[in-house]
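For reference, the structure discussed in these notes is given below.
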Protein chains: 2
Amino acid sequence: MATAEQLGYVASSSASGLATGRTLAMGVVVPNVTRWFYATVLEGIDAELRRVGYDTILFNLGLRGEDRERVFHRSILRKRTDAVIALCIDFTPAEREQLASLGHPTVVVGGPVPGLRHVGVDELGVAREATTQLIGLGHRRIGHLAGASERGLNKRVPQRRRRGYELAMTAAGLPVERDWLERSTFDIAGGRAATLRLLARAPRLTAIFAASDEMAIGAILAARELGLDIPRDLSIVGIDDHPLAETFGLSTVAQDALGQGRLAAQLMLDELSGAAPRPGPFRFPATYVERATTAPPSC
Amino acid sequence: MATAEQLGYVASSSASGLATGRTLAMGVVVPNVTRWFYATVLEGIDAELRRVGYDTILFNLGLRGEDRERVFHRSILRKRTDAVIALCIDFTPAEREQLASLGHPTVVVGGPVPGLRHVGVDELGVAREATTQLIGLGHRRIGHLAGASERGLNKRVPQRRRRGYELAMTAAGLPVERDWLERSTFDIAGGRAATLRLLARAPRLTAIFAASDEMAIGAILAARELGLDIPRDLSIVGIDDHPLAETFGLSTVAQDALGQGRLAAQLMLDELSGAAPRPGPFRFPATYVERATTAPPSC
DNA sequence: TTGAAAGCGTTACCAT
DNA sequence: ATGGTAACGCTTTCAA
């Protein structure tokens with residue numbers, strides 16, 4: 001052993017993979033790596049894997065998803081990994097079947113997929129919490145910046161957040177006007193543009209619940225451009241607790257993306273070392289963080 | 001072949017890796033995956049690799065770098081990849097030697113490392129360009145938000161950008177006051193805090209050149225908090241052309257991170273298919289984009 | 001405790 | 001063209 005060490009010998013992973021059937025690598029399927037949530041969950045997964053010497057193989061479906069089929073066939077199914085963690089992916093039935101046929105542990109983070117185990121927050125509950133906080137402040141005309149369904153991505157996340165908003169409004173006896181809803185991509189630029197559209201159409205809104213912090217920050221920027229004072233003229237709440245939320249003083253419902261990644265990795269590692277599969281789902285708590293973008297309506 | 005296809009047969013990568021000596025995987029060493037530049041270069045690399053069926057193995061050194069040694073030994077050297085692309089890493093001599101002993105193609109993106117090939121922009125030139133633009137508008141008291149040297153990261157990037165600023169100032173016969181310099185991490189929160197410190201100390205600055213767009217956006221936020229009007233009271237220029245730059249109307253020197261990633265991947269793939277190594281360095285052009293945060297000084 | 005040998009699933013070479 | 005076989009570098013088992 002000492003001599004091997006001195007010579008700088010390192011075992012070949014292909015050879016030991018062949019011999020043992022273990023690759024010591026985890027596949028992580030991501031829609032892309034530039035969005036906060038994906039990057040942060042990935043960071044959490046990878047931190048956990050690193051500790052035990054596991055490698056992360058990135059199966060990036062790409063911003064446009066054009067190579068999705070190829071990635072699936074040429075990469076994921078090539079027995080290069082011992083387990084797979086997927087982020088907010090909307091698998092087709094065929095894809096799910098192929099994954100299952102691989103016969104190794106699989107878990108999804110951030111948006112439930114029927115038939116697969118799931119780590120994430122209660123999307124509906126989180127949205128209801130955010131909306132209820134606004135209602136509790138006395139707001140009655142509350143708009144919603146909903147996430148757009150992007151192809152290939154899990155559509156349940158934006159859907160459930162919207163549903164949570166509607167349920168909270170209805171439960172409080174408030175109307176849910178069609179004009180109070182606007183859709184955008186889950187990023188700052190999208191949120192900004194959607195807010196401009198929304199406020200042009202429904203200028204009397206006193207509050208906006210955005211489906212993500214990035215969208216909410218876009219809303220803040222848009223409101224400022226319109227000369228609105230936040231929170232006096234408009235309250236804004238997001239979801240995530242993005243690092244920028246603090247910088248912008250954004251009130252939000254915090255979710256622990258890093259922790260979700262860590263847990264998903266932990267689950268997979270446990271099962272790979274022989275533990276019985278825990279069925280889940282694994283619900284992460286999410287807590288409201290009051291900052292400076294929320295206040296009672298001024299009129 | 002048809003039958004194999006029908007049965008859903010996919011070759012084992014360990015076995016074919018053993019037999020051919022080719023893993024069809026590329027190692028990508030990143031400091032983390034949450035910063036824009038790294039994520040975007042990674043996206044570019046991965047897009048190129050996907051096309052030809054190559055997999056991306058993420059060697060994440062981690063936000064705190066605590067597992068660096070382990071990642072190196074247990075992962076990078078394990079012959080799991082055919083080539084390695086490293087982003088802004090500051091390799092120790094020992095690490096470089098180990099990498100070299102692996103004997104496979106290697107390239108660095110985004111900050112030169114002695115002895116390794118390099119894809120990136122002319123850091124010094126980019127900074128000089130940004131500063132010169134401010135000088136051209138008539139500014140004379142120009143501050144600089146420099147990037148802090150983070151451990152394990154390439155220190156040349158912040159250093160050269162600072163040097164470019166100093167050279168531009170000196171060339172224009174302007175003084176470079178010590179009070180006009182402030183350091184921060186390469187992100188929005190850091191840029192904001194540093195700007196608050198900077199303007200507290202040197203309130204008469206009429207312009208700030210930030211070493212990255214994220215820092216520049218932090219500067220914009222800080223200036224707004226101080227009640228300054230941009231660009232009337234303060235001009236701000238960044239580097240990158242981050243997606244948010246447009247949203248904030250930030251003038252900046254644009255660099256093509258995605259393209260740098262693509263090129264690095266292309267280089268490696270070419271050499272793996274037998275092409276002679278091109279020595280480089282591979283300098284990417286960077287162009288000034290004038291937006292709304294720059295104007296002549298008002299006093 | 002140490003050593004020898006079979007086998008993992010491919011590829012590539014060499015006969016046929 | 002086609003089929004058989006050795007070899008890739010490791011792990012694991014079995015014998016000594």
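Note that these values count all heavy atoms, side chains included, but never hydrogens, waters or copies made by symmetry. Below, chains carry the letters A, B, ... as their sequence lines are ordered, and counting in each starts from 1. Quantities reported herein were computed from a predicted structural model and do not represent experimental measurements.
A straight line from CZ of A:R80 to P of C:dG9 spans 17 Å, rounded to a whole angstrom. One atom, OH of B:Y9, and another, P of C:dG9, lie 10 Å apart when rounded to the nearest Å. Distance, B:L18 CG to D:dC10 P: 8 Å, rounded to whole Å. One can place CZ of A:R78 at 17 Å from P of C:dG9, the figure rounded to the nearest angstrom. Regarding A:K79, its NZ atom lies at a distance of 9 Å from the P atom of C:dG9, rounded to whole Å.
Looking only at distances, no side-chain donor or acceptor of B:E48 sits under 3.5 Å from a matching main-chain atom of B:I45.
Considering only side-chain atoms of A:T20, the nucleotide from D:dT11, C:dT10, D:dC10 that sits closest is D:dT11.
Looking only at atom types and distance, the side chain of A:D46 has a donor-acceptor partner in the side chain of A:T56 under 3.5 Å away.
The pair B:R35-B:E150 meets the salt-bridge criterion, with a side-chain N (NZ, NE, NH1 or NH2) lying under 4.0 Å from an Asp/Glu carboxylate O.
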